[in-house]
Amino acid sequence: GENVEQHPSTLSVQEGDSAVIKCTYSDSASNYFPWYKQELGKGPQLIIDIRSNVGEKKDQRIAVTLNKTAKHFSLHITETQPEDSAVYFCAASIGNAGNMLTFGGGTRLMVKP
Amino acid sequence: GAVVSQHPSWVICKSGTSVKIECRSLDFQATTMFWYRQFPKQSLMLMATSNEGSKATYEQGVEKDKFLINHASLTLSTLTVTSAHPEDSSFYICSARDLALGTGELFFGEGSRLTVL
């Protein structure tokens, strides 16, 4: 089955700096890669996703890049703010509806004011 | 986006009792819902896939008689932790897709924190 590795497990940055979280996946058939933000005591919220037919996607301060050949994808957060502090999870799945997601181990991001 | 609601958000129970957690899709129909368990500082682990009108599909290592899943309608799935023990204490999260959106996006509930004394 699919295996998703995520690094780093913790990341501390100064407010205004950029943060980068990287994930690798094992199954070359995976074609959907979402990123979730989870605040303490809450369920995960989708912040951005990318499909295998594109290499990069951006939404304001958040961007995701995908390298299908190397089977890795990354989350980039620019101009970080204290409210960006949370746990971020990457995930991968094959296909769209009905297929389960395999999650990475999570990255605890701390943005220091 | 679509909304998935869980209830209760937290529950404390005595060892040996059963606890039911509800997962509702509020503005869409979900033929399939997913139940995850998350231990402190760990990732989400899929427990089972809940299928409306049929039996749930459990992941390897998850006891189906321990974690009863019922998906009685297109908007409600329930997870019952039977004869709960302290090791069952965890954060349980459900999720569902709004197939009408066609995006494959998975929407998560707010989670239910179970503490078994």
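Just so it is clear, the values below take in all heavy atoms, side chains as well, and ignore hydrogens, waters and symmetry mates. Residue numbers begin at 1 in each chain, while the letters A, B, ... track the order of the sequences. Computed from a predicted structure; not experimentally measured.
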_Pair A:F103 + A:Y36: ring centers closer than 6.0 Å_ =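 Between A:F103 and A:Y36, the centre distance is under 6.0 Å.
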_Are B:F67 and B:W35, when compared by the centres of their aromatic rings, separated by less than 6.0 Å?_
no
*asked:* Quick check: is B:V19 connected to B:M47 through a chain of hydrophobic side chains (ILVMFWY, heavy atoms under 4.5 Å apart)?
replied: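 Yes, it is one cluster - the side chains of B:M47 and B:V19 are joined through contacts under 4.5 Å.
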*With only heavy atoms counted, which part of B:Q42 is less than 4.5 Å from chain A, the side chain, the backbone, both or neither?*
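The backbone, not the side chain.
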_Portion of B:Q6 that has a non-hydrogen atom of chain A nearer than 4.5 angstrom_ =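 Answer is neither: B:Q6 stays 4.5 Å or more from chain A.
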Per-residue contact mode, [X] against chain B (heavy atom under 4.5 angstrom):
{"X": "A:P44", "value": "both"}
{"X": "A:F89", "value": "side chain"}
{"X": "A:Q6", "value": "neither"}

*Mind ranking A:Q38, A:R108, A:Q45 by heavy-atom pairs under 4.5 Å with chain B and telling me who comes out on top?*
A:Q38
*Do A:Y32 and A:I50 touch side chain to side chain, with heavy atoms closer than 4.5 Å?*
no
*Verify the distance criterion only: is there a donor paired with an acceptor across the side chains of A:E2 and A:S30 at less than 3.5 Å?*
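Indeed, the side chains of A:E2 and A:S30 share at least one donor-acceptor pair under 3.5 Å.
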*Go through B:I93, B:V4, B:L44, B:T31 and name the one with the most non-hydrogen pairs under 4.5 angstrom from chain A.*
B:L44
*Look at atom CG of A:L40 and say whether more than 12 heavy atoms of other residues, nucleotides or ligands are closer to it than 6.0 Å.*
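No, the 6.0 Å shell around CG holds no more than 12 heavy atoms from other groups.
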